[in-house]
Amino acid sequence: MQCTLVDLKSVDWAALDTFEDRTVFQTREWLSFIAESQNATPIVAELSEDGKRVGYFSGLVFSKMGVRVLGSSFPGWTTPYIGFNLVPGASRASALAAVEQFAWQTLKCLHMEVSDPYFTVEDGQELGFACQFYTSYRTDLTKSEDELFNSMDSACRRCVRKAEKSGVLIEEAHDAGFAAEYYEQLKDVFAKQGLVPTYKLERVRALVKHLAPTGRILLLRARDPEGKCIATGIFPGFNKIAEFWGNASFRSSQAFRPNEAIQWYVMRHWKRRGVEVYDWGGEGTYKEKYGCTVHKVPWFTKSRYQFVSKLRDEAKEMFARKQRLLGWLHGDPAAV
């Protein structure tokens, strides 16, 4: 399989969006969001085999600690996977092999990371890639609404009913003030753990700016009986998969159970639009009460030289230490 860079000005985005395996994270608007928030350059490459086009690869190139990197996706991007769009029957292992050579020879990168929701572990390991996992939960939205509701544990169902009886109202947001409202609540969520958010308000604003006009993102508010916003959530979706990107609420109002009410709204919203899978956006055992099941997506990494892999791991640990320190400075000393 061969990999050829496509001029971004000539990309037929509408044609790419027709691929059956297309996700919201591969769309033009999402790549633009990452480019803005991470100071990265989007790339689209065409994949061909025996003279025939078999698909595309999407990613971004950036520099980290002086090292040129190809990410599709990369830790810290709040984007769990990007990867490939391939015609039925095309091999993702062959596509990954082609992109590896493309990364080293054409893009002149020294490190690459690729996560694709349709990868198998063997796709990368046979090529010498290190394999980690994006671990999340998934809900099958092809089930009926009754089946989805009854799949939740009894306590979760009671929370949804309590929110409704208490007068909690879930509304879709379309105004410019949503990002700041969400972020204030997010800070309260992290403060509970003695931490600070892993991203800044500007990232939320960039996400809303790029995605809201497309209709491929659901922004929600939960209001208490007096009309106060007590919880918010951000849920992008496209084609077969909807995503849980972020959910936040004020601790002082959690007795109204707004988060459970929001999630129930999300599942019904995307189901009615033909989405088949709701991805719960990562680990967290509290999500199990919604009746979802564990799902793992392979995340392959490889460096052209061994020292680059060590730099990557050190940078990841430095970020974790920084978050613990900031949490201590802003609140709970026990967090360090």
Side-chain angles (χ1 to χ4, degrees), residues 17 22-34 37 77-82 117 136-143 145 148-149 152 156 159-160 163-164 168-186 189 197 199 201 203-224 229-250 256-282 284 286-287 290-292 295:
D17 287 346
R22 190 82 162 160
T23 74
V24 70
F25 301 131
Q26 297 161 324
T27 61
R28 180 181 189 175
E29 295 78 15
W30 197 279
L31 295 177
S32 296
F33 154 65
I34 298 176
S37 61
W77 285 3
T78 51
T79 302
Y81 40 73
I82 302 178
S136 184
Y137 294 87
R138 285 190 167 185
T139 293
D140 179 2
L141 296 183
T142 64
K143 295 180 179 179
E145 287 191 10
L148 290 172
F149 190 73
M152 301 180 191
C156 188
C159 288
V160 173
E164 183 178 356
V168 172
L169 175 66
I170 308 300
E171 64 179 30
E172 298 182 19
H174 304 281
D175 57 284
F178 175 84
E181 206 165 19
Y182 163 84
Y183 200 77
E184 280 301 307
Q185 296 170 0
L186 186 69
V189 172
Y199 51 86
L201 171 59
R203 185 180 302 194
V204 187
R205 286 178 171 154
L207 177 63
V208 174
K209 178 183 74 175
H210 288 287
L211 270 293
T214 69
R216 295 170 181 167
I217 194 165
L218 177 65
L219 308 175
L220 293 180
R221 283 190 180 96
R223 296 191 183 276
D224 69 12
C229 179
I230 57 176
T232 50
I234 300 173
F235 309 94
F238 175 66
N239 204 3
K240 295 181 180 181
I241 305 176
E243 308 284 345
F244 176 1
W245 192 84
N247 187 197
S249 59
F250 289 126
F256 285 109
R257 315 310 302 192
N259 295 318
E260 289 85 353
I262 281 178
Q263 293 294 349
W264 179 225
Y265 188 103
V266 171
M267 286 186 273
R268 289 178 293 163
H269 171 91
W270 286 117
K271 173 181 172 55
R272 292 168 184 173
R273 282 156 181 78
V275 170
E276 299 177 4
V277 173
Y278 179 37
D279 188 311
W280 285 80
Y286 75 91
K287 297 172 183 177
Y290 293 97
C292 46
H295 183 81

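The figures that follow rest on heavy atoms only: side chains count, while hydrogens, waters and symmetry mates do not. Count residues from 1 along the sequence.
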- Message: Holding to salt bridge (Lys or Arg N to Asp or Glu O under 4.0 Å), I want the full list of residues that pass it with R268, two or more places apart in sequence or in another chain.
- Response: none

- Task: Return the minimal non-hydrogen interatomic distance between R216 and T27, and the atom names on each side.
- Result: NH1-CG2, 3.5 Å

- Message: Would the distance check show the side chain of D279 and the main-chain N or O of A242 forming a donor-acceptor pair, the cut-off being under 3.5 Å?
- Response: no

- R221 meets the salt bridge (Lys or Arg N to Asp or Glu O under 4.0 Å) criterion, sequence neighbours left out, with E171, D175, E181

- Is any side-chain heavy atom of L220 less than 4.5 Å from a side-chain heavy atom of F235? yes

- Task: Please check if the side chain of K209 supplies one atom and the backbone of F33 the other of a donor-acceptor pair under 3.5 Å.
- Result: no

- Note on the structure: Test side chain to side chain contact (heavy atoms under 4.5 Å, CB included), reference F238, set T23, V275, T214, V24, output is V24

- Side-chain heavy-atom pair I234, I217 within 4.5 angstrom cut-off: yes

- Task: Report, as yes or no, whether the 6.0 Å neighbourhood of atom CD on E145 holds more than 12 heavy atoms from other residues, nucleotides or ligands.
- Result: yes

- Message: Looking at S136 and H295, would you say the former's side chain and the latter's main chain have a donor-acceptor pair under 3.5 Å?
- Response: no

- Message: Return the CG to CH2 distance between L211 and W245, rounded to the nearest 0.5 Å.
- Response: 10.0 Å

- Query: Which heavy atom of A231 sits nearest a heavy atom of I262, and at what distance?
  - Reply: CB-CD1, 3.8 Å

- What are the two closest heavy atoms between V204 and A179, and how far apart are they? CG1-CB, 3.8 Å

- Counting distance only, does the side-chain N/O of R28 pair as donor-acceptor with the main-chain N or O of S32 below 3.5 Å? no

- Task: Working to the nearest 0.5 Å, report the span between CG of L141 and CG of L148.
- Result: 6.0 Å

- Let me see the working for K287 and Q263 under side-chain contact (heavy atoms from CB on, under 4.5 Å), right down to the final yes or no. CA-CA 10 Å; K287 297 172 183 177; Q263 293 294 349; over 6 Å; no

- Query: Can you list the residues that meet the side chain to side chain contact (heavy atoms under 4.5 Å, CB included) rule with D224, with sequence neighbours excluded?
  - Reply: E226, K228, I230, F256

- Task: Looking only at non-hydrogen atoms, find the nearest pair between I170 and P258 and report the distance.
- Result: CD1-O, 4.4 Å

- Message: Among W270, W280, Y278, which residue satisfies the side chain to side chain donor-acceptor pair (under 3.5 Å) criterion with T139?
- Response: W280

- Query: Checking side-chain contact (heavy atoms from CB on, under 4.5 Å) for the pair L218/R273: CA distance, chi angles, key distance, verdict?
  - Reply: CA-CA 12 Å; L218 177 65; R273 282 156 181 78; over 6 Å; no

- Roughly how far, to the nearest 0.5 Å, is the NE2 atom of H210 from the CD atom of E29? 9.5 Å

- Item | Closest heavy-atom pair and its distance - R257, A163 | O-CB, 3.6 Å

- Check against side-chain contact (heavy atoms from CB on, under 4.5 Å), R138 and C292: CA-CA 5 Å; R138 285 190 167 185; C292 46; 5.9 Å; no

- Task: Hey, could you give me the OG1/NZ distance between T142 and K271, rounded to the nearest 0.5 Å?
- Result: 6.5 Å

- Sequence-distant partners of F25, ring pair (Phe, Tyr, Trp, His ring centres under 6.0 Å), two or more places apart: W30, Y81

- Counterpart residues, ring pair (Phe, Tyr, Trp, His ring centres under 6.0 Å), relative to F250 (two or more places apart): none

- Note on the structure: Taken to the nearest 0.5 Å, the spacing of N239 CG from E276 CD works out to 8.0 Å

- Message: Once ring pair (Phe, Tyr, Trp, His ring centres under 6.0 Å) is applied, do any residues pair with W264, and if so which ones, sequence neighbours excluded?
- Response: F149

- Task: Could you give me the CA-CA distance, side-chain angles and deciding distance for E172 and H269, then say whether side-chain contact (heavy atoms from CB on, under 4.5 Å) is met?
- Result: CA-CA 11 Å; E172 298 182 19; H269 171 91; 3.6 Å; yes

- Working to the nearest 0.5 Å, report the span between CG of L201 and CG of L186. 10.0 Å

- Note on the structure: Scanning both residues in full, the closest heavy-atom pair of P117 with I82 reads CD-O, 4.1 Å

